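Just so we're on the same page: letters track the sequence lines, and every chain starts at 1. Worth saying up front: this structure is predicted, and the values here are computed from it rather than measured.
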There are 2 protein chains.
Amino acid sequence: MILSRGAGYAVRAMIDIATVANGGVAITREVATRQDIPQVFLTKIVQRLAKGGLLEAHRGAYGGVRLARPAADINLRQIVETIEGPVLLNDCLIQPGKCPRESTCPIYDVWLEAEEKLLETLENCSLAYLAERSKELCSKHSG
Amino acid sequence: MILSRGAGYAVRAMIDIATVANGGVAITREVATRQDIPQVFLTKIVQRLAKGGLLEAHRGAYGGVRLARPAADINLRQIVETIEGPVLLNDCLIQPGKCPRESTCPIYDVWLEAEEKLLETLENCSLAYLAERSKELCSKHSG
DNA sequence: ACTAATAAGACCTTATTTGTCATATTATTA
DNA sequence: TAATAATATGACAAATAAGGTCTTATTAGT
Ligand code: SF4
Ligand code: SF4
């Protein structure tokens with residue numbers, strides 16, 4: 001499997017925060033309960049998301065986390081890469097010149113293209129869309 | 001990184017076999033030397049490729065491995081999946097219904113689309129193309 | 001029989017992921 | 001200032017997977 005569990009948790013948490021506490025503050029522990037994510041693990045993920053500039057965290061009473069920017073300005077690629085680091089199909093895509101075979105390697109370009117297609121799809125998916133769609137699906141499912 | 005080293009070795013080995021021993025038989029140990037792949041590890045990879053129906057292996061003196069079908073009928077996705085198993089962006093893509101949240105999950109479709117784009121690119125890349133391109137690049141580089 | 005090759009599987013080492021625990025820090029409120 | 005409610009941080013542990021080695025069996029040609 002390509003994505004780590006942490007990345008999946010991160011996306012679900014971001015959607016939860018965007019959906020439930022629209023513009024407001026969410027409490028990590030409650031997100032964990034709602035989304036059925038191991039609590040302490042989620043705090044780690046939230047920390048990374050905060051460090052990565054996707055969330056703002058405030059400590060102390062009445063603290064919590066909120067989106068650092070509008071949901072429309074956050075996309076799936078950003079969330080995934082904040083948790084996983086750069087998504088690379090193969091080593092050589094980190095930096096040209098790393099692999100000694102590169103100049104005669106017929107695969108390099110194919111990896112590159114495949115990776116670009118993948119990332120493009122994730123990039124075109126905004127958190128705003130996901131949150132909206134989540135609401136739709138939930139109301140359809142319960143109604 | 002998404003691809004395991006084994007998958008990269010597998011692709012390079014397949015190109016080597018397709019290029020050097022066109023239609024004929026290649027010896028695993030020599031492939032390993034040429035491609036700078038740990039020998040014993042490559043035998044494992046070759047075994048998996050043979051089990052997966054991409055290579056034919058013949059034991060005994062004057063044995064070796066050869067492509068089980070024409071290089072044009074082998075594509076990059078097949079090679080990668082023979083080594084890695086199915087390439088899945090997320091757990092839930094293995095079998096619909098596995099994740100209890102699926103019916104209200106807004107992400108499922110996005111994972112699916114991203115995965116399809118990735119696999120499509122690999123599918124469109126045949127071993128014949130890779131072998132051809134490899135020859136081109138090598139002669140260009142040495143000439 | 002001898003030799004050259006793959007097949008198979010046990011095994012080991014290391015790295016990563018997933019997760020827990022304990023403790024520190026910060027901000028609010030009374 | 002003390003109590004409380006929240007995140008921050010870092011050490012740690014367990015589970016899993018990746019990368020690689022070693023040994024032995026099997027097969028086929030000479
Ligand atoms: S051999 Fe080609 S695909 Fe493999 S690491 Fe080097 S450049 Fe990349
Ligand atoms: S929550 Fe959605 S994306 Fe995550 S495993 Fe379930 S269906 Fe898949």
Side-chain angles (χ1 to χ4, degrees), chain A residues 1-13 17 21 24-33 35-68 80 82-91, chain B residues 1-13 16-17 21 24-33 35-68 80 82-88 90-91:
Chain A
M1 203 187 33
I2 293 176
L3 272 66
S4 70
R5 206 168 302 177
Y9 290 163
V11 178
R12 271 162 53 203
I17 294 166
V25 173
I27 285 149
T28 306
R29 181 169 24 79
E30 295 175 0
V31 175
T33 307
Q35 296 293 327
D36 196 28
I37 299 170
Q39 282 190 20
V40 193
F41 192 31
L42 182 57
T43 65
K44 294 295 202 177
I45 290 169
V46 161
Q47 280 168 40
R48 275 195 271 177
L49 291 169
K51 252 190 185 166
L54 298 185
L55 290 178
E56 264 175 29
H58 292 281
R59 301 199 263 200
Y62 290 81
V65 293
R66 79 167 84 186
L67 300 184
V80 168
T82 300
I83 300 301
E84 311 251 309
V87 170
L88 298 161
L89 210 55
N90 205 6
D91 268 332
Chain B
M1 205 187 31
I2 293 177
L3 272 66
S4 71
R5 207 166 301 177
Y9 290 162
V11 177
R12 271 161 53 203
D16 186 281
I17 293 166
V25 173
I27 286 150
T28 306
R29 180 169 25 80
E30 293 174 1
V31 175
T33 306
Q35 295 293 327
D36 197 27
I37 299 171
Q39 283 190 19
V40 193
F41 192 32
L42 181 58
T43 64
K44 294 297 204 176
I45 290 169
V46 161
Q47 280 168 39
R48 276 196 270 177
L49 291 169
K51 252 192 183 165
L54 299 185
L55 290 178
E56 263 175 29
H58 293 279
R59 301 197 262 198
Y62 292 78
V65 292
R66 78 167 84 186
L67 301 186
V80 169
T82 299
I83 299 302
E84 311 251 308
V87 169
L88 296 160
N90 206 6
D91 269 333

Among residues 46-54 of chain A, which contact DNA chain C at a heavy-atom distance under 4.0 Å?
none

Does [X] make a side-chain N or O approach to OP1 or OP2 of [N] shorter than 4.0 Å?
| X | N | answer |
| --- | --- | --- |
| B:R59 | D:dG29 | no |
| A:T43 | D:dT7 | no |
| B:R29 | C:dA5 | yes |
| A:Y9 | C:dT18 | no |

Quickly work out the [X] [atom1] to [N] [atom2] distance and round it to whole Å.
| X | N | atom1 | atom2 | result |
| --- | --- | --- | --- | --- |
| A:Q39 | D:dA8 | CD | P | 15 Å |
| A:I27 | C:dA27 | CD1 | P | 17 Å |
| A:D91 | D:dG19 | CG | P | 10 Å |
| A:L88 | C:dT16 | CG | P | 14 Å |
| B:N90 | C:dT17 | CG | C1' | 15 Å |
| A:H58 | C:dT28 | NE2 | P | 10 Å |
| B:F41 | C:dC12 | CZ | C1' | 14 Å |
| B:E56 | C:dA7 | CD | P | 11 Å |

[atom1] of [X] to [atom2] of [Y]: how many Å apart, nearest 0.5 Å?
| X | Y | atom1 | atom2 | answer |
| --- | --- | --- | --- | --- |
| B:D16 | B:E30 | CG | CD | 9.5 Å |
| B:T33 | B:Q39 | OG1 | CD | 5.0 Å |
| A:I2 | B:L3 | CD1 | CG | 8.0 Å |
| B:I17 | B:Q35 | CD1 | CD | 9.5 Å |

Go through the structure and list residues passing ring pair (Phe, Tyr, Trp, His ring centres under 6.0 Å) with B:Y62, not counting sequence neighbours.
none

Donor-acceptor contact present, side-chain B:R66 to main-chain B:E56, <3.5 Å
no

A correct dot-bracket answer for DNA chain D, with pairs being Watson-Crick or G-U at under 3.5 Å, [ ] for crossing pairs and | for inter-strand pairs, is ||||||||||||||||||||||||||||||

Walking DNA chain D from its 5' end, the first of A:A61 and A:A57 to be reached, judged by nearest nucleotide, is A:A61

Would you state whether a donor and an acceptor, one from the side chain of A:K44 and one from the base of D:dG10, lie under 3.5 Å apart?
yes

Is any side-chain heavy atom of [X] less than 4.5 Å from a side-chain heavy atom of [Y]?
| X | Y | value |
| --- | --- | --- |
| A:L67 | A:L55 | yes |
| B:I37 | B:R12 | yes |
| A:T43 | A:V40 | yes |

A:G64 and A:V25: which non-hydrogen atoms are nearest, and at how many Å?
CA-CG1, 3.4 Å

Base, sugar-phosphate alone, or nothing: which one does B:S4 contact when heavy atoms must sit under 4.0 Å apart?
sugar-phosphate

When the nearest nucleotide of DNA chain C is assigned to A:V40 and to A:Y62 on a heavy-atom basis, which residue is associated with the more 5' position?
A:V40

